[in-house]
Engineer: 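Just passing along the structure, written as structure tokens.
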Protein chains: 2
Amino acid sequence: MKPVRTGLPLSATKPARTGLPLGAAEPGRSYGGPVAARVTLQTIADRVGVSRMTVSNAFSKPDQLSAPLRERILAAAQELGYVGPDPAARALAKGSTGAVGVMFTHSLRFAFTDLVATGFLGAIADELAPTGLSLTLLTSADDGEIVPARDVAMDGALLYSCDWTSRAVDFLHRRRLPLVYVDQDPADDIPSVNVDDRGGARAAARHLLGLGHRRIGLLLSSVRPPYGLRDAPVVAQGHAARQRLRGWLDELGPAAAELITASQDGTGPEQARWGARLLLDRPDRPTAVLCFSDAAAFGVLQVAAELGIDVPGELSVVGFDDNPLAAQVRPGLTTVRQDVAAKGRAAAAALTAAIDRARTGATAPAEHVLLPTELVIRESTGPLT
Amino acid sequence: MKPVRTGLPLSATKPARTGLPLGAAEPGRSYGGPVAARVTLQTIADRVGVSRMTVSNAFSKPDQLSAPLRERILAAAQELGYVGPDPAARALAKGSTGAVGVMFTHSLRFAFTDLVATGFLGAIADELAPTGLSLTLLTSADDGEIVPARDVAMDGALLYSCDWTSRAVDFLHRRRLPLVYVDQDPADDIPSVNVDDRGGARAAARHLLGLGHRRIGLLLSSVRPPYGLRDAPVVAQGHAARQRLRGWLDELGPAAAELITASQDGTGPEQARWGARLLLDRPDRPTAVLCFSDAAAFGVLQVAAELGIDVPGELSVVGFDDNPLAAQVRPGLTTVRQDVAAKGRAAAAALTAAIDRARTGATAPAEHVLLPTELVIRESTGPLT
DNA sequence: ACCTCCTTCTGTACCGGTACAGTAACCCCG
DNA sequence: CGGGGTTACTGTACCGGTACAGAAGGAGGT
């Protein structure tokens, strides 16, 4: 007698299979309902007359059994319509799913509309593909019953443009998942990938100063009253935005009397135009504007055109990111390039490394990658006239 | 005595907890290694002095236990650093993960670069968010050890711009996952979402005929020699491409002697330019071109500009999709609009419906959605001169 | 002939939850 | 004061796999 897992109480056992060729196919203990019962490893095992474990090995560890037997098992599986080990069960038993998450605070739509985000994600997808890991898109929504960050099985996650304080991010941490921060304030024990936002911003500011500009507008993101320029490097939303502002102020001087700031909420085109108006409608209109992103800069270019302000004759505009559109708008946008594809590749590599580390129990210190930025001068900036 | 699941052999049991307040925290049976042992439902149960089931209910079915006890349990969980039921285990026990897949044949990068794809995916993401389902991106890659389509746990999947014959698609079917076809030849038993490609193509062709064009070029996708126009409606890759061609031929007449066809491989900009050259370099250059996508049409516009061919003066160009860029290129591209956002919403809705159906065992017939298309006339088409 | 090693397969004990069918205590009612 | 219905919690039996430690049998060495 050998015990066999069945739907019956444990005391019920089945006589051992002899391994002899079977006649008619056993139709899978059909007390599961009128539909065909679920085919599991056990079904195949019974059919072929081997142990469940051997069938498992046939799929997951081919070198653990003889080739002919494996063939027989695979054939039986095919015949019974068994595709392979159930992913959910395997995930539980092995402790690893084949998927990693990417977390956004913004609506997920942002992940597909913003060219900087899509470039980044595309690179991740490409980099992850050969490892066999799939990419799961996570939102920080935590209102519903289901909170992806807490309830989706995954092997690790990328935190990208996330709200630091969201409950979802907290879940991710508390689950002790291998994480990688992208464009976030680095933490000692968590690998991170960042670009040299501050350095790039400095270059942008120096560029304008070199052209003679002194009344320079700064277009910030999500800095609401009562906060002003002094607090902005702290309260602006997003590590990148804060670093960029810091970089500008490094060069311009934090107290520069002639700095004019405006802040927009969010990253959509409407918000960009709104922020642009705040700067361009003023009587003491700046002669140049530094924008926290290209998307924001596009708003400035557009509003300038509407107001009949010549760029770069009357107004210089500098963006950030080198969005693919930056080279295509007229005039071409001077901007600070970051290599989003490289960022994506680095992030994916850091994540797979972190997952490996967690799996093997290795305790290498967390790596912190800082990618360079580069000022790209196009037609939207010119000398003060 | 009540049996308690421990790491010890089954015969070992533990005396029942009395429910009295506990002294020092039991440090989680630390024979798991030097690091803190994993915190599970049982850990919390032992701590609070209730059954594992009650702890499970505290998280998953709040109305199954009294509020004060639930509070105590949640507090203990918090204290022990327990985030919530393990997603993998829950997936196995409940038979549902919180994620659905979207399958691409193209490199995943395509999912993030093609504006038609991103619009579609963004809409899906938006539509799915309130349901709590996460989106997992799947490739049809099946070379590695891990095949996402077979090895990733999910509740259902969308098949989008897929290679019909790929092994990955087959896996998805054989797993009996709830599926929805998008832009695929509909199958009776599987819900599908399509747009009226054929009708739209007819409108495009009629438009050109009405403008007097007779020598019309057709830019196809992935129709390699030895196949010609006659076979193209069958062999062209992608349901949409085939339907569009059929629609053109409906109006132009399949044997129209003056039709000129060219085919490009793939959907990238280079391929588009290459396909465009095939048409425009000929001595019997067509006076108008119907393209299977806007992306291809952009290639035609670009090459025409390079060759000094005036559009629409010497050449009319019609695209397909109404890619967001179609309105922005010069001259504005006449095209057949499909509402990709609506397609995404419909696909997401169909998938959640299919998943519900599978869950409840309901057997409603599969729905087949067909969304309208609309000819959008811009500046790239004009009368034959 | 005996011992060792390797290959191939098996059995048990998990992975960490949930479903479902109890059971005990309490409440209300006639 | 017994019966019927709640409410609150418990026990058992799974979900469908994998890890790991045997066990059986044959090959090879001495």
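So you know, we letter chains A, B, ... as the sequences are listed, proteins then strands, and number each from 1.
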Engineer: With respect to the side chain of A/Leu92, which nucleotide from D/dG16, D/dG11, D/dA19 is positioned closest?
Structural biologist: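 So the nucleotide nearest the side chain must be D/dG16.
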Engineer: Could one point to a donor on the side chain of A/Arg38 or the base of D/dG16 with an acceptor on the other under 3.5 Å away?
Structural biologist: no
Engineer: Where the side chain of A/Arg90 meets the backbone of A/Ser96, is there a donor-acceptor pair that is under 3.5 Å apart?
Structural biologist: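 The answer is no, because no donor-acceptor pair under 3.5 Å joins these two groups.
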Engineer: Using heavy atoms to find the nearest nucleotide of DNA chain D for B/Leu69 and A/Leu41 separately, return the residue whose nucleotide is more 5′.
Structural biologist: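 First, find each residue's nearest nucleotide; the 5'-ward one identifies B/Leu69.
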Engineer: For A/Met53 and C/dT8, give me the distance from atom CE to atom P, rounded to whole Å.
Structural biologist: 16 Å
Engineer: Is a side-chain donor or acceptor of B/Thr54 paired with a backbone partner of B/Val50 at a separation under 3.5 angstrom?
Structural biologist: no
Engineer: Whether B/Ser60 contacts C/dG17 is assessed here as follows: a side-chain N or O lying under 4.0 Å from the phosphate OP1 or OP2. Is that the case?
Structural biologist: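 No, no such contact exists.
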Engineer: Quick one: on DNA chain D, does B/Asp63 or B/Ala89 contact a more 5' nucleotide (nearest heavy atom)?
Structural biologist: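 Nearest nucleotide further toward 5': that of B/Asp63.
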Engineer: Is there a side-chain polar atom (N or O) of B/Thr54 under 4.0 Å from OP1 or OP2 of D/dC9?
Structural biologist: no
Engineer: Of the candidate nucleotides C/dG16, D/dC9, D/dA19, which contains the atom at the shortest distance from the side chain of A/Lys61?
Structural biologist: D/dA19
Engineer: Of all the nucleotides listed (C/dA19, D/dG17, C/dG17), which has the minimum atom distance to the side chain of A/Arg52?
Structural biologist: D/dG17
Engineer: May I ask you to decide if B/Ala58's main-chain N or O and B/Arg70's side chain share a donor-acceptor pair within less than 3.5 Å?
Structural biologist: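 Side chain of B/Arg70 to backbone of B/Ala58: a pair is present.
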Engineer: So, A/Thr136 and B/Thr136: side-chain donor and acceptor under 3.5 Å apart, yes or no?
Structural biologist: yes
Engineer: Check the phosphate of D/dT7 against B/Ser66, side-chain N and O only, distance under 4.0 Å to OP1 or OP2. Yes or no?
Structural biologist: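 No, outside the criterion.
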Engineer: Just the rounded figure in Å: distance from P of C/dG11 to CG of A/Asp46.
Structural biologist: 12 Å
Engineer: Can you tell me which nucleotide in C/dG17, D/dA19, C/dA19 comes closest to the side chain of B/Arg90?
Structural biologist: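 Output: C/dG17.
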Engineer: Tell me whether the side-chain N/O atoms of B/Tyr82 come closer than 4.0 Å to OP1 or OP2 in C/dG17.
Structural biologist: yes
Engineer: Heavy atoms under 4.0 Å, any strand shown: does B/Thr40 hit a base, just sugar-phosphate, or nothing?
Structural biologist: sugar-phosphate
